[in-house]
Chemist: 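Starting off with a structure, shown below.
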2 protein chains.
Amino acid sequence: MPLDHEHPIDAARVADARAQVLERDDAERVAAMLRLLADPVRARIVSALHAVGELCVGDLSLVLDVSDSTVSHALRLLRTAGVVANRRDGRVIYYRLADPAMPAVLEVIARGGDASAGSG
Amino acid sequence: MPLDHEHPIDAARVADARAQVLERDDAERVAAMLRLLADPVRARIVSALHAVGELCVGDLSLVLDVSDSTVSHALRLLRTAGVVANRRDGRVIYYRLADPAMPAVLEVIARGGDASAGSG
DNA sequence: CGCACATCTTCACAGACGTGCAGATGTACA
DNA sequence: TGTACATCTGCACGTCTGTGAAGATGTGCG
C-alpha cells in the first residue's frame, strides 16, 4: 500500500520531485517511443538505416538475417510511430529514418551516457 | 520467406550496412537497457531521481502515486541493471542514479532528437 | 524481547509482445 | 491476361512482463 500520503520522509524533496518529474502522460509517450527501440530487430533496423540512409525490406532482411515477415512487422510499428518513412520504386519499397531522436538514443546508450558530440 | 540470400537489390549497400549495423549481441544489450526505460513507472523513477538527486522508496511512491510494491519491483530491475544505486540510513533506503545514460536517453526523447548539450 | 515502520520478496495471473505461417495486395513484364 | 517478385496482413501461439496481495526481512526503539 502506498504510505498514508501524509508521511513523506522528506516533504520538501517530494514536492520538488513532484514538480519536476515526468508526468504520467508524457511518461507514457516516452515509454511508447522507447519500447520501439527496446527490441533487437527494431534497434538494428534503425541502426542499419542510420548507417546507409535507406534500404528496402528484402535487403534489410539480408542485412539483419531475419525473415522478411519479421522485418515487415517491425517496419509497420516503426512506420506507424513515425520513426521511419518509405518511398516506393516499382515493387521495391525503400525505408529511411524519419525521426533523428531514435538513432540518437542508440548512440547515447552505446556510448554509455555521453550525449554530446554527434555521429562520429 | 527471406530472399535467397543471393539476390540483394543493392549488394554494395547491403555489405555496407552489414559492416556498420549494430551486431546481434550489442543489439540485445541495447534493447535490454532500453527496455528498462520503456515503462512509465521506471521512466518516471529515473526522471524523479534525476530531478532531485535521491529519494527513498516511500517518498518515490508518493511522488509517482503508485504502490510501494510497484516501486520496489521497478527499483529492483533498475538496481540489478546498475541504473540506480542505494544507500541505507536506518530503515530508510535512498536511491540515486548510477548510470548517466538513462536520464540522457529520456532527455533525447523528450527534446525530440537533439543529442547535443549534455546533462544540465 | 515485542512492536512499529520501511523495504523486499514470492507467488499468481491478466495482458502485451514477437514471430512464423499462409494468404493477400500491388507492381512489372510479356 | 498470367506469372514472378516484393511486400504486407491476419491469425495463432509461446513467451515475457507489470502488478497486486500477502508475508518475510531488516532496522530502531523501549
Side-chain angles (χ1 to χ4, degrees), chain A residues 1-10 14 24 27-28 31-45 54-81 84-96, chain B residues 1-10 14 24 27-28 31-45 54-81 84-96:
Chain A
M1 216 179 301
L3 306 187
D4 234 345
H5 260 240
E6 307 281 354
H7 303 299
I9 287 184
D10 187 334
V14 167
R24 267 199 151 92
E28 210 75 55
M33 275 297 182
L34 290 177
R35 217 174 296 135
L36 291 171
L37 287 184
D39 169 76
V41 171
R42 294 194 296 265
R44 293 179 79 212
I45 286 178
E54 73 175 7
L55 282 166
C56 64
V57 180
D59 282 1
L60 215 28
S61 139
L62 289 176
V63 169
L64 306 181
D65 194 35
V66 298
S67 77
D68 75 322
S69 174
T70 291
V71 170
S72 204
H73 279 301
L75 284 173
R76 193 163 76 83
L77 290 182
L78 296 175
R79 191 188 341 129
T80 299
V84 302
N86 56 22
R87 74 179 173 89
R88 163 162 247 146
D89 180 19
R91 13 180 199 196
V92 181
I93 298 181
Y94 290 94
Y95 280 82
R96 65 183 181 280
Chain B
M1 214 178 305
L3 305 187
D4 235 347
H5 261 240
E6 307 280 357
H7 302 299
I9 286 183
D10 187 335
V14 167
R24 267 199 151 90
E28 211 74 56
M33 275 297 182
L34 290 178
R35 219 173 294 134
L36 292 171
L37 286 185
D39 170 76
V41 171
R42 294 194 295 268
R44 294 179 79 212
I45 286 178
E54 74 176 6
L55 281 165
C56 64
V57 180
D59 283 1
L60 215 28
S61 138
L62 290 176
V63 169
L64 307 182
D65 194 34
V66 298
S67 77
D68 75 321
S69 174
T70 291
V71 171
S72 204
H73 280 302
L75 284 173
R76 193 163 77 84
L77 290 182
L78 296 174
R79 194 192 335 135
T80 300
V84 301
N86 56 22
R87 76 179 172 88
R88 163 162 248 147
D89 180 20
R91 356 170 216 202
V92 181
I93 298 180
Y94 289 94
Y95 281 81
R96 65 184 181 279

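Model, not experiment: these values are computed from the prediction. Letters A, B, ... mirror the listed sequences (proteins, then strands); counts begin at 1.
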Chemist: If you assign A/Asp39 and B/Val92 each to the DNA chain C nucleotide with the nearest heavy atom, which residue ends up on the more 5' nucleotide?
Modeler: B/Val92

Chemist: Any side-chain heavy atom of B/Asp39 within less than 4.5 Å of one from B/Leu77?
Modeler: no

Chemist: Using whole Å, report how far CD1 of B/Ile9 lies from C1' of D/dA4.
Modeler: 13 Å

Chemist: Between A/Tyr95 and D/dA6, does any side-chain N or O lie under 4.0 Å from OP1 or OP2?
Modeler: no

Chemist: What is the separation between atom CZ on B/Arg44 and atom P on D/dT19, rounded to the nearest whole Å?
Modeler: 11 Å

Chemist: When the distance from CG of A/Asp68 to P of C/dA24 is rounded to whole Å, what number comes out?
Modeler: 17 Å

Chemist: I'd like to know if the side chain of A/Asp59 and the backbone of B/Val14 have a donor-acceptor N/O pair within less than 3.5 Å.
Modeler: no

Chemist: Does B/Ser67 place a side-chain N or O at less than 4.0 Å from the phosphate oxygens OP1/OP2 of D/dG20?
Modeler: yes

Chemist: Under 4.0 angstrom, heavy atoms only, what part of the nucleic acid is B/Val71 near: base, sugar-phosphate, or nothing?
Modeler: nothing

Chemist: What is the distance, to the nearest angstrom, from the CG atom on B/Leu62 to the P atom on C/dA6?
Modeler: 10 Å

Chemist: Return the minimal non-hydrogen interatomic distance between A/Arg24 and B/Val66, and the atom names on each side.
Modeler: NH2-CG1, 3.8 Å

Chemist: To the nearest Å, give me how far apart OH (B/Tyr94) and C1' (C/dA6) are.
Modeler: 11 Å

Chemist: Of the options D/dG18, C/dA22, D/dA22, whose atoms approach the side-chain atoms of B/Arg42 most closely?
Modeler: D/dG18

Chemist: Measuring from the side chain of A/Arg35 (C-beta onward, heavy atoms only), which nucleotide among D/dG18, C/dG18, C/dC17 has the closest atom?
Modeler: C/dC17

Chemist: Please state how far atom CD1 in B/Ile93 lies from atom C1' in C/dC8, giving the value in whole angstrom units.
Modeler: 8 Å

Chemist: Please state how far atom CG in B/Asp89 lies from atom C1' in D/dT27, giving the value in whole angstrom units.
Modeler: 11 Å

Chemist: Quick check on C/dC8: is either OP1 or OP2 less than 4.0 Å from any side-chain nitrogen or oxygen of B/Arg76?
Modeler: no

Chemist: Verify the contact: side-chain N or O of B/Thr70 to OP1 or OP2 of D/dG20, cut-off strictly under 4.0 Å; return yes or no.
Modeler: yes

Chemist: When you match A/Cys56 and B/His73 each to their closest nucleotide on DNA chain D, which lands nearer the 5' end?
Modeler: A/Cys56

Chemist: Taking A/Arg44 for its side chain and B/Ala27 for its backbone only, find out whether a donor-acceptor pair lies under 3.5 Å.
Modeler: no

Chemist: Is B/Arg91 close enough to D/dT25 that one of its side-chain N or O atoms is under 4.0 Å from OP1 or OP2 there?
Modeler: no

Chemist: Taking B/Val57's backbone N and O only, do any of them form a donor-acceptor pair with B/Ser61's side chain (distance below 3.5 Å, no angle check)?
Modeler: no

Chemist: Between the base of C/dC8 and the side chain of B/Ser69, is there a donor and acceptor pair under 3.5 angstrom?
Modeler: no

Chemist: Measuring to OP1 and OP2 of D/dG26, would you say a side-chain N or O of B/Arg88 lies under 4.0 angstrom away?
Modeler: no

Chemist: Measure the distance from CG on A/Leu75 to C1' on D/dT7 and round it to the nearest whole Å.
Modeler: 10 Å

